[in-house]
K.L.:
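Here it is: the structure, laid out below.
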Amino acid sequence: MSASGVRLDDPGRSVLLTGNEAVARGALEAGIAYASSYPGSPSAEVLEVLAALAEERGFYAEWSVNEKVALEGAAAASLAGLRSICIMKADGLNVALDTLTALSASGTKGGLVVVVADDPGAHSSVKEEDSRYLGKVAHLVILEPADPQEARDMTVAAFGLAEQLRAPVMLRCVTRVCHASGNVVLGTLPPKPAGRPHIGCQERYITHVAYHRIQEERLAQAREIGEGWPFNAYQGPPEPEILVITAGPGYLYAREAVEVLGLEGRVGILKLGMSWPLPEKFLLRHLKSASKVLFVEEVEPFHEENVGYLVACHLEEVFPLALYGKKSGHVAGPKGPGLGEIDVDTVIRALAALAGIPYEAQPGDYGREARELVKKIPRRELGFCAGCPHRASFWALKTAIALDGREVVVLGDIGCYTLGAGRSGHYLMQTVHAMGSGVGMASGLGKLERLGFSQPVVALVGDSTFYHAAVPALINARYNQSRFLLVVLDNGTTAMTGHQPHPGSGVTALGKRVPALSMEEVAGAFGIPVTVHDPYDVKGAVEALYRLLRQDGVRVLVLRRAYALLTARQEKKPRVYVDPKRCLGDACGCHRFCSRVFGCPANTWDAALGRAKIDETVCTGCGVCATLCPQGAIVVEEVTRNGA
Amino acid sequence: MVHNLIITGVGGQGTVLASHVVAAAAVESGFLVAVGETFGASQRGGSVTSHVRISRYRRYGPLIPRHRATIIVGFEPLETLRALLNYGNPLTRVIMNLHPNYPLGVLSGADTYPETQALMEAVRRISAGVLAFNATEIAHHMGSPVAANMVMTGALAGSELLPMAVPAYEKVIGELFSGPARQLNLKAFRAGVLVARGDLPAVWGNQVVKDGGK
Ligand code: SF4
Ligand code: SF4
């Protein structure tokens, strides 16, 4: 997205920003000096925007190798007295958690804000983790914005809070905040960060169990702050029949549900901007005046459990009171309570049931006339992009495994290539867990020989994942003399999240050219043999894979090809077309190999002609299908740059 | 009063950019806006839908409740019908691109793609009216099929279903792009405006269907 709205020095102006941009704006207004992140959806754009503005605003920004290192860098800036921000997705918090729990004990100095983006519904993740539980484990204050405006406001507030408490503050966003856009009223941009970073010789930041007491005292202090905090707010009648307790975008859904159902006189909404620690007195005041409570939050019943406990402790004061939400089954999206995203309809259904009023969005037969005409609406499956080198790599691997003939185990990883677990990758991947975990598992499987395990093992990782988490596993494998083939699918960028650079790309977040850290040299330094091949040369890649599958020990094959969409933008692409005279279509033994089996979205089918066809608007001109067509019916016409 | 606009299509068609243009034009014109979109899978052939909510006084969340869309702009026929069935009602107005984009299942022969005419007729029957034409073809004539998103945005602006004036959109597009891309996108946008106004009916044999509804 763009940095133009974020950089505007026009206080009071209302501009359109995404939640991610709004976080970046809040950080600018707070005067950050250091920003770090590992790209993960839905929060990748925060650092992208910050990096674009770092030079002109005089602060430092980096893509770190992983979230743990990112957090350590931001913490260091904080200890030197600077304001710093570290951004990660929920899964990244798992990686950084060891450091975060320690930082919370040791305390920090300059405001340190940790932005954690959860992905309810797992739009671009493999799981939908609720990171508030981990924030609680780390004894942190957790703030939850509802929309971009609040994302900006709370980011600014979080820095002040972090300095007041001398501990990191966690800003928990969800996809519907990060990727939503809305009006954001801009505040003032401070002068460039002043003051010399410094750690005095008397200062100590030691993690020790003795500081557990301080962590608890700090939470008590935060709870007091939360009691009068403007982001914890109630709106509705003084004595509501139903009290909705909500946070994040759930607040906006609840408000709209009340409006749709016309329940303004019966329902009150208590919005928690601070999800941990709970403002207990504020909550109790409102719990006493209600008879039913409905919890609206994503993903897990975090408030439900914590407020439920508060209710249990104060039973006499709040009785009679009934609690509804995920546990009672009232708040349930299409997948069920506590599963996936919630939306306005989820809250409408819950409130309608509690209030005892009927609601139907449309008469049940809406759309019947359309469905009579169009019986079946085909689904859209996700697949690799046209020209994606991963498609060629997976095809090569499938072919090599077939040639090998043994029962090869394929361990997967996290990234675009996770799609390889589906049709796009011929269902080859048998495991998908966390960043780098396929390599650790391969290391383990490779040691099972003495117990009778004889299957060859292949682990797949992406290039960004290689640096992020595969390296320690590779060292482990080498040290313990395991045996497997590591295939690195190297497209030179972090494709899943929008092509951020990494240590192997030779460029930093600030756009500075640096020596690329070659993965051949990294693995080579461990004494592991490395082969590099171009996946577009499918035949050669198959041969390399076949040969390496039959070798022993730990070995690495890098299938390297720059991401096609990136290069297609840069160069004039060749024209690729099907010669209808040579294509046999359905009639031949190829079973329409190109569109049906290989599955590049640009390989389409001309039903009228009964021949394959290439969609030129989608084709990137990679030419891989041409090398695979058994009839040689696909023609690649090279376009010279000046001749075009 | 809230305008609930859905822009739907397939990853890579530029729905996100189009929704950004509409939303920015609304903010520039003094409205409150909330946009919700899912672009996690935007480049990989999946359905991509943006919800754009435009209001004067009250802030809304980023998701439109079921069957409460007032306008649906479909960049692809199948996705138009899919969105209408989920979010439409008999008062919903539809603008649709008739250029199909085949799902992987269709390409592989496992599924069949419905007839475009049937899709359009189905949309017509359960909405308050449809403006249907091949925006991809128009964009192609303007210089690049990729600009179909701006043709569709132009058709939305020209239809005057939203409270912003055409120049507000043009200003945003002008600021968003530079050089030849600016010219291409503005040209495509203006062609879309003309289509909606009925001033570009029979260009290049493009069939423009405008149906006032039942
Ligand atoms: S182009 Fe080649 S692979 Fe594709 S259907 Fe024709 S003969 Fe088969
Ligand atoms: S050349 Fe073939 S495989 Fe490559 S993008 Fe075009 S159609 Fe797809």
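Throughout, protein chains are lettered first and strands after them, A, B, ... in sequence-line order, and every chain is numbered starting at 1. Atom set for the values below is all heavy atoms of this structure, side chains included, hydrogens, waters and symmetry mates excluded.
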K.L.:
Between atom CG of A:Asp615 and atom CG of B:Asn101, what is the distance when rounded to the nearest 0.5 Å?
P.N.:
7.5 Å
K.L.:
Let's go through A:Leu16 and B:His20 carefully: what are the C-alpha distance in whole Å and the side-chain angles of both, what is the deciding distance for side chain to side chain contact (heavy atoms under 4.5 Å, CB included) to 0.1 Å, and is it a yes or a no?
P.N.:
CA-CA 9 Å; A:Leu16 180 72; B:His20 177 81; 3.8 Å; yes
K.L.:
Looking at chain A, which one of B:Val123, B:Leu84, B:Val146 has the largest number of heavy-atom pairs inside 4.5 Å, strictly under?
P.N.:
B:Leu84
K.L.:
Among B:Leu119, B:Ile64, B:Leu17, B:Val27, which residue has the highest count of heavy-atom pairs closer than 4.5 Å to chain A?
P.N.:
B:Val27
K.L.:
May I ask you to name which of B:Glu175, B:His51, B:Glu79 has the most heavy-atom pairs under 4.5 Å with chain A?
P.N.:
B:Glu79
K.L.:
Taking every non-hydrogen pair under 4.5 Å, which of B:Ser19, B:Pro65, B:Pro62 racks up the most with chain A?
P.N.:
B:Pro65
K.L.:
Does some side-chain heavy atom of B:Arg66 sit less than 4.5 Å from a side-chain heavy atom of A:Gln362?
P.N.:
no
K.L.:
Based on non-hydrogen pairs under 4.5 Å, which of A:Leu252, A:Asp345, A:Val344 is most in contact with chain B?
P.N.:
A:Asp345
K.L.:
So how far is it from A:Lys376 NZ to B:Asp111 CG, rounded to the nearest 0.5 Å?
P.N.:
3.5 Å
K.L.:
Please state whether the side chain, the backbone, both or neither of B:Glu28 comes within less than 4.5 Å of a heavy atom of chain A.
P.N.:
side chain
K.L.:
Roughly how far, to the nearest 0.5 Å, is OG1 of A:Thr604 from OH of B:Tyr113?
P.N.:
13.0 Å
K.L.:
Determine the option with the most heavy-atom pairs under 4.5 angstrom with chain A, choosing from B:Gly88, B:Ser50, B:Gly30, B:Pro114.
P.N.:
B:Gly88
K.L.:
With the threshold set at 4.0 Å, does a side-chain nitrogen-carboxylate oxygen contact exist between A:Glu256 and B:Arg53?
P.N.:
yes
K.L.:
Assess the residue pair A:Arg380 and B:Glu76 against the criterion (salt bridge (Lys or Arg N to Asp or Glu O under 4.0 Å)); give the C-alpha distance rounded to whole Å, side-chain angles, the decisive distance to 0.1 Å, and a yes or no.
P.N.:
CA-CA 12 Å; A:Arg380 277 191 202 272; B:Glu76 203 282 337; 3.1 Å; yes
K.L.:
Grab the two heavy atoms, one from B:Leu81 and one from A:Ala370, that are nearest each other, plus how far apart they are.
P.N.:
CD1-CB, 4.0 Å
K.L.:
Is the backbone N or O of B:His67 less than 3.5 Å from a side-chain atom of A:Tyr366, with the two atoms forming a donor-acceptor pair by type?
P.N.:
no
K.L.:
Given that the side chain runs from C-beta out, which part of A:Asn183 has a heavy atom under 4.5 Å from chain B: side chain, backbone, both or neither?
P.N.:
both
K.L.:
To the closest 0.5 Å, what do you measure between CD1 (B:Ile126) and CD (A:Glu369)?
P.N.:
8.0 Å
K.L.:
Once rounded to the nearest 0.5 Å, what's the spacing between atom CZ of A:Arg371 and atom CG of B:Leu85?
P.N.:
4.5 Å
K.L.:
In terms of heavy-atom pairs under 4.5 Å, which option from B:Ala24, B:Gly61, B:Ser144 contacts chain A the most?
P.N.:
B:Gly61
K.L.:
Check this for me: A:Glu264, atom CD, are more than 12 non-hydrogen atoms of other residues, nucleotides or ligands nearer than 6.0 Å?
P.N.:
yes
K.L.:
Checking heavy atoms, do the side chain of A:Val15, its backbone, both or neither come under 4.5 Å from chain B?
P.N.:
backbone
K.L.:
Where does B:Pro145 contact chain A at under 4.5 Å (heavy atoms): side chain, backbone, both or neither?
P.N.:
side chain
K.L.:
Between A:Ala180, A:Pro148, A:Gly19, which residue shows the highest count of heavy-atom pairs closer than 4.5 Å to chain B?
P.N.:
A:Ala180
K.L.:
Answer with side chain, backbone, both or neither: which region of B:Thr112 has an atom nearer than 4.5 Å to a non-hydrogen atom of chain A?
P.N.:
backbone
K.L.:
Is it the case that more than 12 heavy atoms not belonging to A:Arg379 sit under 6.0 Å from its CZ atom?
P.N.:
no
K.L.:
For A:Pro42, is it the side chain, the backbone, both, or neither that has a heavy atom closer than 4.5 Å to a heavy atom of chain B?
P.N.:
neither
K.L.:
How close do B:Ala118 and A:Val374 get, heavy atom to heavy atom, and via which atoms?
P.N.:
O-CG2, 3.9 Å
K.L.:
Which value, rounded to the nearest 0.5 Å, describes the distance between B:Glu37 atom CD and A:Thr175 atom OG1?
P.N.:
12.0 Å
K.L.:
Answer with yes or no whether the side chains of A:Glu259 and B:Tyr60 bring together a donor and an acceptor at under 3.5 Å.
P.N.:
yes
